[in-house]
Protein chains: 2
Amino acid sequence: MRWTPQRRLLLEVLDGTNGHVTGAELVDRLRAVDPATTPSTVYRTLRVLEEIGVVQHAHGRDGREEFHVRPAEAHGHLHCSSCGQSWEISPADAAATVQAFRDRLGFDIDLSHLSVGGTCATCREARTR
Amino acid sequence: MRWTPQRRLLLEVLDGTNGHVTGAELVDRLRAVDPATTPSTVYRTLRVLEEIGVVQHAHGRDGREEFHVRPAEAHGHLHCSSCGQSWEISPADAAATVQAFRDRLGFDIDLSHLSVGGTCATCREARTR
DNA sequence: CATACTCTTGCAACGCGTTGCAATAAGCCG
DNA sequence: CGGCTTATTGCAACGCGTTGCAAGAGTATG
């Protein structure tokens, strides 16, 4: 792995980011610092960073990429299709599900890539009221 | 809702489809019948069909759209990132998960849009062996 | 320090899906 | 049947992400 200016910059920007970012957002922030930034380089670098565990990505409800920086633990995400908010699924909450799929179907869920759509408690109450 | 030739054609092609199709595949099949087919019309029509329950869509592991035709029941999908195969999650298997999220987080999972990545039993065994 | 090896970059083009807008054509009503 | 309203279409352009390829720049080596 080579230590290039572009990668240095991407890591800097990622450090200034907490939580989730889409690919496009990252490109924008990078361009704000270095207008010469190229999307292909950014996305390629993100893939490399994912391989070595610096970021993880999943897909939002619309299929767009969302990157999660330096995750303490693998965890999935919840997206409310009504209010648009999103939350992390705590490892504790996910564990039972992961276990259930492993036991019943032998399928090993990739938690880091898990993105679940639906309706959050608040929106559901607001709707049924 | 208007009954146009384009919609008629799309429904015909959907009828000749079992299981899952990506948007691009549909456009290709439609073009094979009518070369004048326009992507925007196809995707717009698919959205309409989804609203009235004829199809449902989720996103594959790469974020691309996958349409499911005339689903008997809402159900999620499992995608193996190793062999690329995909399976339906039976309502029975999904029920416990849906219930768990509702109970613990108040979150109401949209099963029809659920797409879970991971490693299938076969691939996992092949790998650990 | 110069050299070679090969990993990275930028470019240009592509693929999938979406959107705004003007033109078209369904379906309704007299 | 003919005209009217408005849903639908096609076009063109855009947004996000990917890929092939040749040029460029890290890094290790002598």
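In the text below, chain A, chain B and the rest are named by the order of the sequence lines, each starting its count at 1.
Distance CG (Leu11(A)) to P (dT8(C)): 13 Å, rounded to an integer number of Å. Taking atom CZ on Arg2(A) and atom C1' on dA25(D), their separation rounds to 7 Å, with Å as the unit. Remark: P of dT9(C) and CG of Leu30(A) are 12 Å apart, rounded to the nearest angstrom. Spacing between atom CG of Asp34(A) and atom P of dT8(C) amounts to 19 Å, rounded to whole angstrom units. Atoms CG (Leu49(A)) and C1' (dT8(C)) sit 13 Å apart, rounded to a whole Å.
Using a 3.5 Å distance cut-off with no hydrogens or angles, the side chains of His68(A) and Glu88(A) do pair a donor with an acceptor.
Remark: the backbone N or O of Thr41(B) is not paired with any side-chain donor or acceptor of Thr38(B) at under 3.5 angstrom. Side chain of Arg61(B) to backbone of His79(B): no donor-acceptor contact under 3.5 angstrom is found.
Ring centroid separation for the pair His113(A) and His57(A) comes in under the 6.0 Å cut-off.
OP1 or OP2 of dG10(D) sits under 4.0 Å from a side-chain N or O of Gln6(B). Residue Thr41(A) has no polar side-chain atom (N or O) positioned under 4.0 Å from OP1 or OP2 of dT9(C).
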If you apply the rule side-chain hydrogen bond (donor to acceptor under 3.5 Å, both in side chains), what do you find for His77(B) with His20(B), and how did you get there? CA-CA 10 Å; His77(B) 291 107; His20(B) 318 85; 2.8 Å; yes
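Comparing Thr4(B) and Ala36(A) against DNA chain C, the residue whose closest nucleotide sits nearer the 5' end is Ala36(A).
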Per-pair distances, 0.1 Å, donor-acceptor, side chain in residues 8-19 of chain B, under 3.5 Å, sequence neighbours excluded:
residue	atom	partner	partner atom	Å
Asp15(B)	OD1	Arg70(B)	NH2	2.9
Thr17(B)	OG1	Val13(B)	O	2.9
Thr17(B)	OG1	Arg29(B)	NH1	2.9

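Judged by distance alone with a 3.5 Å cut-off, no donor-acceptor contact links the side chain of Arg7(B) to the base of dT8(D).
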Per-nucleotide protein contact along nucleotides 13-22 of chain C, 5' to 3', at a 4.0 Å heavy-atom cut-off (B base, S sugar-phosphate only, - neither), is ---SSBBB--
